[in-house]
Amino acid sequence: MNKKALIVQGGWDGHEPEQVARIYKDLLVAENFDVEISDTLDAYADAEKLLAINLIVPHWTMGEIEPQYVRNVSEAVISGVGLAGSHGGMCDSFRKNVDWQFMTGGNWVAHPGNDGVEYMVNVNSSSSPILEGLSDFKVVSEQYYLHVDPAVEVLATTRFPVSDGPHVLNKAVDMPVVWTKRWGAGRVFYCSLGHTADIIAMPEVKFIMKRGFLWAAEGKSLYASAAAGNARNYTGMGDSQ
């Protein structure tokens with residue numbers, strides 16, 4: 001039986017959500033997923049439907065979301081459903097909702113130099129096999145500066161500063177570009193690359209996203225039985241209301 005994925009695209013048009021969603025659908029279909037694309041956040045309204053799939057791929061920049069929708073996604077991921085996304089479509093979504101930020105592992109705060117900055121993505125040595133076989137590579141795009149959950153496992157970084165700004169008087173820092181984390185029994189994967197669809201279409205980025213999707217979706221079969229009945233027990237959400 002094929003695994004099932006839900007891609008929810010929309011929000012700010014500058015991130016080309018429709019085009020990116022099509023690339024992601026093609027990647028997943030090639031890996032024998034049944035893929036649904038939705039252009040409304042109401043896709044998160046049916047909690048039971050979310051619990052029954054393998055992977056949620058959010059690509060919705062900015063905007064606002066019903067708190068119950070975030071709880072529904074959180075409960076699905078806690079139960080073992082994977083969550084995987086990129087750029088502002090996952091970690092610049094719903095800026096007022098800290099619960100979303102806690103679940104996803106970070107949030108965007110700046111991109112010094114705006115679009116067109118040339119920088120390196122450096123692949124880390126880590127315990128994760130996700131980026132195995134991938135070498136460091138160059139990108140010309142936005143370079144994301146993020147506030148990041150210290151619990152994530154960082155798989156790739158980029159060095160700041162590259163562009164001028166008030167941050168340059170601080171010491172140089174290696175900013176996470178790709179990370180994983182756990183949310184209950186669920187696996188969470190994020191890549192900060194992807195300002196426009198042509199960046200997502202780069203071979204290196206498609207490699208990263210495909211590996212991340214597969215890793216996140218696999219968690220349900222590995223861990224869901226251990227989390228049965230626990231999805232609705234988390235009481236730490238709600239402060240975004």
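Bear in mind the structure is a predicted one, so any value in this text is a computation, not a measurement. All heavy atoms count here, side chains included; hydrogens, waters and symmetry mates do not.
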Check: [X] side chain, [Y] main-chain N or O, donor-acceptor pair, under 3.5 Å:
X    : Y    : result
S74  : V70  : no
W183 : F102 : no
R187 : G82  : no
D149 : A151 : yes
K220 : A185 : no
N97  : W100 : yes
H87  : S192 : yes
N107 : Q101 : no
Y44  : I65  : no
T158 : M120 : yes

Side chain to side chain contact (heavy atoms under 4.5 Å, CB included) between E142 and N114, worked out: CA-CA 6 Å; E142 289 181 339; N114 297 309; 5.5 Å; no
Please name the pair of heavy atoms, one in [X] and one in [Y], separated by the smallest distance, quoted to 0.1 Å.
X    : Y    : value
S128 : L155 : CB-CD2, 3.7 Å
A43  : V8   : CB-CG2, 3.9 Å
G10  : P17  : N-CB, 3.6 Å
G105 : V152 : O-CG1, 4.0 Å
L51  : A76  : CD2-CA, 3.6 Å
A156 : L131 : CB-CD1, 4.1 Å

Among side-chain atoms of [X] and [Y], is any donor-acceptor pair under 3.5 angstrom?
X    : Y    : result
W215 : T180 : no
H15  : H195 : yes
Q68  : N72  : yes
H111 : Q143 : no
D34  : N2   : yes

Verdict with reasoning, I200 to S86, per side chain to side chain contact (heavy atoms under 4.5 Å, CB included): CA-CA 9 Å; I200 294 293; S86 62; 3.8 Å; yes
Derivation and outcome, salt bridge (charged side-chain N to carboxylate O under 4.0 Å, His left out), residues R159 and D174: CA-CA 5 Å; R159 175 61 62 94; D174 292 319; 2.5 Å; yes
For a 4.5 angstrom cut-off between non-hydrogen side-chain atoms, does [X] reach [Y]?
X    : Y    : value
P112 : V162 : no
T61  : F94  : no
Q9   : S38  : no
V81  : I53  : yes

Value rounded to 0.5 Å, distance of OG1 in T157 from CG in N122: 4.5 Å
Interatomic distance, L83 atom CG to F189 atom CZ [nearest 0.5 angstrom]: 11.5 Å
Other residues, nucleotides, ligands: >12 heavy atoms within 6.0 Å of N170 CG: yes
Partner residues of S125 under the side-chain hydrogen bond (donor to acceptor under 3.5 Å, both in side chains) criterion, sequence neighbours left out: none
Linked, directly or transitively: [X] and [Y] (ILVMFWY side chains, under 4.5 Å):
X    : Y    : value
V188 : L193 : no
V140 : V20  : no
L6   : I37  : no

For R95, all residues meeting salt bridge (charged side-chain N to carboxylate O under 4.0 Å, His left out), sequence neighbours excluded: D92
Step-by-step side chain to side chain donor-acceptor pair (under 3.5 Å) determination, T196 to D198: CA-CA 6 Å; T196 49; D198 63 318; 2.3 Å; yes
Residues E118 and K138 bridged, charged N to O under 4.0 Å: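 Between K138 and E118 there is a salt bridge, with a charged N closer than 4.0 Å to a carboxylate O.
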W179/C91 under side chain to side chain contact (heavy atoms under 4.5 Å, CB included): CA gap, chis, key distance, verdict: CA-CA 12 Å; W179 69 67; C91 284; 3.9 Å; yes
Worked verdict on E16 versus R22 for salt bridge (charged side-chain N to carboxylate O under 4.0 Å, His left out): CA-CA 10 Å; E16 302 180 347; R22 286 197 295 268; over 6 Å; no
Partner residues of F33 under the ring pair (Phe, Tyr, Trp, His ring centres under 6.0 Å) criterion, sequence neighbours left out: none
Aromatic ring proximity, centroids under 6.0 angstrom, Y119 and F160: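 No, the ring centres sit 6.0 Å or more apart.
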Plane angle bin for H167 and Y145 - parallel if under 30°, tilted between 30 and 60°, otherwise perpendicular: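 Ring orientation of Y145 relative to H167: perpendicular.
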Salt bridge (charged side-chain N to carboxylate O under 4.0 Å, His left out) between K181 and E153, worked out: CA-CA 6 Å; K181 68 173 290 184; E153 180 172 3; over 6 Å; no
Intermediate values then yes/no, side chain to side chain contact (heavy atoms under 4.5 Å, CB included), V35 and I7: CA-CA 7 Å; V35 181; I7 302 172; 3.7 Å; yes
